[in-house]
Number of protein chains: 2
Amino acid sequence: MNDQVSKQQPIDPKHLALQKTLDIICGKWRLYIIYQLGTEARRYGELRRMIPAISEKVLIQELKALVSLGVVEKKSYNEVPPRVDYSLTEKGLQVLPTLLKLTAIGELFLEP
Amino acid sequence: MNDQVSKQQPIDPKHLALQKTLDIICGKWRLYIIYQLGTEARRYGELRRMIPAISEKVLIQELKALVSLGVVEKKSYNEVPPRVDYSLTEKGLQVLPTLLKLTAIGELFLEP
DNA sequence: TACGTTACAAACCAAAAGGTTAGTGCTATT
DNA sequence: AATAGCACTAACCTTTTGGTTTGTAACGTA
């Protein structure tokens with residue numbers, strides 16, 4: 001009707017930070033992948049075996065996403081058969097302790 | 001090929017707890033609603049005004065979900081016009097500090 | 001020569017999440 | 001009499017997420 005008031009809502013910086021956090025941890029497997037990486041680098045196939053319920057496509061997709069978010073880094077060694085491993089970046093390691101505390105929340109709400 | 005090994009994957013309790021946590025915080029608005037409730041009860045209309053970008057339907061939907069998860073509680077006062085308010089449950093308050101730390105993660109990854 | 005291993009990519013599909021719009025019952029205000 | 005405020009509900013639609021399946025290149029092994 002009247003668009004003098006532009007649609008830009010005042011962007012709450014807290015909201016922005018929360019959204020970024022959600023980008024990183026939301027998704028059925030994100031947190032669990034981060035958790036499995038922990039402090040050790042893991043090969044793609046290793047991760048597959050550690051999380052058998054995830055599909056290949058989704059694992060790769062999630063790893064890619066985590067790489068582009070800057071949480072995980074990927075190293076390819078030029079070998080045959082191919083060899084690739086994934087590990088947490090420095091920032092990823094920084095936030096790991098906070099993320100691991102999230103299991104406590106789940107545990108609290110799991111008990112009846 | 002051979003299904004002697006049943007498909008039931010060993011349910012990692014960590015994974016279970018993480019999934020529960022994700023149930024609680026995932027969703028575009030969940031965390032922000034929890035954050036807005038903080039330690040005060042808020043009326044439905046108040047929340048709407050505090051988070052203008054959310055649609056009515058989604059706000060109610062998320063509040064319902066949070067109530068059934070045991071994070072939020074709802075009180076209806078029998079008045080006209082209707083009056084309802086939402087607040088964190090005891091468990092909700094317990095986990096609030098951990099959840100608030102998540103903004104720090106977002107902030108870390110927001111900076112270039 | 002056929003097959004397995006490794007780390008993917010592409011095509012396709014179903015379910016879930018998020019969103020728009022309109023309508024409800026009651027009262028108070030204009 | 002029409003409108004607005006409150007706290008919703010219902011119908012519908014689009015986008016995102018997660019998943020299955022098949023294919024790939026390079027080599028080693030049976």
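Letters A, B, ... mirror the listed sequences (proteins, then strands); counts begin at 1.
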Length of the line joining A/Glu46:CD and C/dT5:C1', which is rounded to integer Å: 15 Å

Would you indicate, yes or no, if C/dC8 has its OP1 or OP2 atom less than 4.0 angstrom from a side-chain nitrogen or oxygen of A/Tyr86? yes

Assign each of A/Ser76 and B/Cys26 the nucleotide of DNA chain C bearing its closest heavy atom; nearer the 5' end lies the nucleotide of A/Ser76

For A/Leu22 and D/dT16, give me the distance from atom CG to atom C1', rounded to whole Å. 15 Å

How is A/Glu79 classified with respect to the nucleic acid when contacts are heavy atoms under 4.0 Å: base, sugar-phosphate, or nothing? nothing

For B/Arg43 and D/dA7, is the shortest distance between a side-chain N/O and OP1 or OP2 below 4.0 Å? yes

Using only modelled atom types and a 3.5 angstrom limit, is any donor from either the side chain of A/Lys57 or the base of D/dG19 paired with an acceptor on the other? yes

Does B/Arg42 make a cation-pi contact with B/Tyr86 (under 6.0 Å, within 45 degrees of the axis)? no

Please give, in whole Å, the distance from D/dC6 P to B/Asn78 CG? 18 Å

Quick one: do the B/Asp85 and B/Tyr77 side chains pair a donor with an acceptor below 3.5 Å? yes

Using modelled atom types only, decide if a donor and an acceptor are shared between the side chain of B/Thr103 and the backbone of A/Ala17 within a distance under 3.5 Å. no

Nearest heavy atom decides the nucleotide; on that basis, is A/Glu56 or A/Gly27 closer to the 5' end of DNA chain D? A/Gly27

Hey, which of these two, A/Pro81 or A/Trp29, hits DNA chain D nearer its 5' end, going by closest nucleotide? A/Trp29

Closest heavy-atom contact between B/Trp29 and B/Ala53? CH2-CB, 3.8 Å

It should be established whether B/Lys64 places a side-chain nitrogen or oxygen under 4.0 Å from OP1 or OP2 of nucleotide D/dC8. no

Touch class at under 4.0 angstrom, heavy-atom based, for B/Arg48 against every strand present: nothing

